[in-house]
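Take a look at the structure below.
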Amino acid sequence: MKSYFFSVKINWIKLALGGVMVLGIPLIYFFSSSDDGKTFTDSQNEFVEQTEQLIADLSKETKVSSKSPKLSTEDNRTDPSITRSQPEALNSADPREELTSEINYTPVVDSLSEPQWKKELDIFLQGEKSPKEFLDSLTIDNWKEARDALALAYEQRLLPKNKNFQDRFWTRVGEVGGQAVAEELLRAGDPAFAKILKGWAKKTPQEMFDYYADLNLKSPEVQHYLQKTNSREIPLMDQFSSGMIDEVLRNSDGRIGNAQLDSANDLIDHFLEKDKKKAESLMREFTERVTKGRDKDTLKQWVAGYKEPELQAGTAQRVIESGVFDKNPLEAVEFANSLESTKAKRSALSSAYARLAGGVNGHDPNITATELNAMEDGWQRDFALNGFAHGLVRKDPEAAIQWANSISNEGFRKVVTKNVTKRINAEVLPRLNSQGASKN
């Protein structure tokens with residue numbers, strides 16, 4: 001493509017880890033998606049965005065009754081504004097008017113007949129307690145009923161403003177449900193599958209480790225889930241990796257020293273021998289924790305210390321995404337080209353150009369567009385285009401597709417355009433539809 005129009009139209013490693021529904025409709029999407037900043041606010045919050053599409057869609061169908069240095073102190077996840085990809089929810093027009101006459105959340109009068117989770121939920125909804133007692137009362141047998149009740153409470157606007165409640169709910173479901181619930185959600189193509197992984201890893205890390213080690217990401221079941229939820233393989237792997245790395249670091253109080261480094265490397269090396277993509281994912285998630293509080297020179301050394309292409313690629317990608325080069329975003333491109341591994345260069349170039357497309361530190365993406373137009377076809381330009389297209393997804397989805405389609409390698413072009421399209425479907429179109437509905 002030779003022009004750019006910036007228009008917004010649219011057995012577990014012991015060393016490392018010693019330390020649907022009752023109410024008439026399967027509310028499978030309730031609390032099910034993830035994005036950054038999971039905090040209830042007075043404005044239209046993420047919880048609203050994640051739930052309204054569910055209620056709107058389902059109400060149309062069914063009536064509802066009730067080895068590395070020590071530390072001194074291709075479908076890359078390239079959106080500069082997102083540091084952890086996760087499954088996204090869909091929004092829609094406000095469904096409250098349609099459902100108000102059909103849903104009535106009325107506490108049962110006979111409290112002796114209520115299950116304990118229901119009693120604790122009623123107390124929480126009254127604003128008298130934190131959700132801890134309610135969450136502690138969840139089990140593998142009652143979490144579905146609890147999710148339905150929460151959906152109804154949301155519809156009646158009874159949910160208190162409580163930080164990170166969505167995360168806490170699904171973490172608890174992962175703890176009590178483990179593999180059985182995970183497999184059920186995966187088969188159903190439910191976005192909540194990725195949300196329970198952290199809790200699963202926390203409660204039964206060995207079980208999740210074994211499951212993930214054997215998980216075939218190309219299987220029809222996984223591919224169906226990815227297609228249905230507009231998700232991608234790498235972000236899904238990163239969700240598993242995040243839970244496992246958190247377990248490695250659980251007792252470190254957020255500090256990463258040589259003991260944590262050794263434990264993480266043992267885990268990563270285990271996967272490096274069996275599944276290099278999963279090892280790279282673990283490296284990305286570990287590096288994300290390492291970057292916090294460390295300066296640019298230290299992080300450059302961190303990347304250079306890994307010689308395996310997959311591991312250097314994972315470290316380079318996350319270091320650039322951390323924003324350490326944002327004061328001079330062109331320096332990220334220089335850093336990418338300085339890497340020894342070609343694989344690492346590819347990942348790093350994608351990450352660097354994603355941040356340029358995002359306009360970090362006031363950078364003008366049109367300048368980068370002109371430079372990309374002047375570059376000769378080849379893998380360097382193709383991976384720069386990959387990043388640039390991903391970086392434009394939220395600002396200019398039409399331009400993102402155009403740039404993805406200008407990739408010279410046919411196979412890579414198909415992969416990138418598919419992934420960019422998925423992100424547009426999951427992140428952009430729901431927002432535009434919601435805005436359009438609010439004007440009508």
Side-chain angles (χ1 to χ4, degrees), residues 12-13 16 67-71 74-79 83-85 197 209 212-218 222 226 232-249 256 260-291 299-322 324 332-333 335-354 379-380 382-384 386-387 390 409 411-412 415-416 419:
W12 178 241
I13 298 177
K67 285 167 203 322
S68 67
K70 304 300 182 183
L71 294 175
E74 84 263 83
D75 138 50
N76 294 294
R77 192 179 64 184
T78 51
D79 186 343
T83 56
R84 183 172 302 175
S85 104
L197 299 181
F209 174 88
Y212 181 49
D214 293 335
L215 182 64
N216 179 7
L217 295 167
K218 299 297 184 183
V222 173
L226 295 175
R232 294 165 287 139
E233 290 180 13
I234 284 180
L236 178 61
M237 285 192 292
D238 289 354
Q239 289 281 356
F240 276 98
S241 297
S242 179
M244 296 166 70
I245 291 297
D246 283 347
E247 284 306 295
V248 171
L249 305 177
I256 300 178
Q260 291 75 31
L261 180 65
D262 290 341
S263 295
N265 281 336
D266 285 342
L267 172 62
I268 293 167
D269 284 347
H270 178 86
F271 276 95
L272 191 61
E273 297 177 1
K274 299 184 177 183
D275 193 321
K276 294 184 183 298
K277 288 185 177 180
K278 291 178 181 177
E280 184 177 346
S281 173
L282 285 162
M283 194 73 252
R284 283 194 296 270
E285 291 303 310
F286 185 46
T287 300
E288 185 165 307
R289 280 75 170 169
V290 169
T291 59
L299 294 176
K300 284 182 175 181
Q301 294 175 12
W302 165 258
V303 175
Y306 286 92
K307 303 303 180 184
E308 297 87 349
E310 292 76 18
L311 304 190
Q312 191 175 85
T315 58
Q317 178 181 334
R318 279 298 195 271
V319 164
I320 292 174
E321 290 175 349
S322 74
V324 71
V333 177
F335 172 67
N337 286 318
S338 73
L339 298 174
E340 297 178 10
S341 163
T342 299
K343 180 176 179 58
K345 286 182 181 180
R346 292 171 175 174
S347 293
L349 281 171
S350 291
S351 298
Y353 277 89
W379 68 262
Q380 290 95 337
D382 283 352
F383 279 87
N386 172 46
H390 276 278
N409 182 281
F412 189 45
V415 170
V416 176
N419 288 328

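All residue numbers in this chain count up from 1 along the given sequence. Atom set for the values below is all heavy atoms of this structure, side chains included, hydrogens, waters and symmetry mates excluded. Keep in mind that what you see is a predicted model, and the values were worked out from it rather than measured.
- With a 4.5 Å cut-off on side-chain heavy atoms, Glu280 and Lys343 count as touching.
- With contacts defined as side-chain heavy-atom distances shorter than 4.5 Å, the pair Asn409/Trp379 does not qualify.
- The side-chain heavy atoms of Leu215 and Lys278, taken from C-beta on, include a pair separated by under 4.5 Å.
- Partner of Leu217 under the side chain to side chain contact (heavy atoms under 4.5 Å, CB included) criterion, chosen from Ile234, Leu226, Val222, Asp275: Val222.
- Of all heavy-atom pairs between Asn386 and Ser350, the closest is ND2-OG, 2.9 Å.
- Remark: Asp382 engages no residue in a salt bridge (charged side-chain N to carboxylate O under 4.0 Å, His left out) (not counting sequence neighbours).
- Using a 4.5 Å heavy-atom cutoff, the side chains of Val290 and Arg318 are not in contact.
- The CZ atom of Phe286 lies 6.0 Å from the CG atom of Leu249; values are rounded to the nearest 0.5 Å.
- Under the side chain to side chain donor-acceptor pair (under 3.5 Å) criterion, Ser281 pairs with Asp238, Ser241, not counting sequence neighbours.
- Here the side chain of Gln312 pairs a donor or acceptor atom with the backbone of Ser341 at under 3.5 angstrom.
- Partners of Lys345 according to the salt bridge (charged side-chain N to carboxylate O under 4.0 Å, His left out) rule, which considers only residues two or more places apart in sequence or in another chain, do not exist here.
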Inset, instruction - Go through the steps for Ser242 and Arg289 under the test side chain to side chain donor-acceptor pair (under 3.5 Å), then give the verdict. - result: CA-CA 10 Å; Ser242 179; Arg289 280 75 170 169; 2.9 Å; yes
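- At least one side-chain heavy atom of Arg284 sits less than 4.5 Å from a side-chain heavy atom of Gln317.
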Legend entry - Derivation and outcome, side-chain contact (heavy atoms from CB on, under 4.5 Å), residues Arg346 and Thr342: CA-CA 6 Å; Arg346 292 171 175 174; Thr342 299; 3.8 Å; yes
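- For Lys218, the side chain to side chain donor-acceptor pair (under 3.5 Å) partners are Glu233, not counting sequence neighbours.
- Remark: Thr287 pairs with Trp302 by the side chain to side chain donor-acceptor pair (under 3.5 Å) rule, at least two apart or across chains.
- Annotation for Leu339 and Ala348: closest pair CD1-CB, 3.8 Å, computed over non-hydrogen atoms.
- Using the six-membered ring where Trp is involved, Phe271 and Tyr212 have ring planes that are tilted, between 30° and 60° apart.
- You'll find the side chain of His270 reaches within 4.5 Å of the side chain of Phe209, heavy atoms only.
- Here OH of Tyr353 is found 10.0 Å from CD of Gln380. Values are rounded to the nearest 0.5 Å.
- Counting all heavy atoms, side chain and backbone alike, Leu349 lies closest to Ala336 at N-CB, 3.7 Å.
- The salt bridge (charged side-chain N to carboxylate O under 4.0 Å, His left out) check on Lys307 picks up Glu340, with sequence neighbours excluded.
- With hydrogens and angles disregarded, a donor-acceptor distance shorter than 3.5 Å links the side chain of Thr291 to the backbone of Glu288.
- Note that CD of Gln301 and OG1 of Thr315 are 13.0 Å apart. Values are rounded to the nearest 0.5 Å.
- In this structure, the separation between CD on Glu310 and CD1 on Ile268 is 12.0 Å, given to the nearest 0.5 Å.
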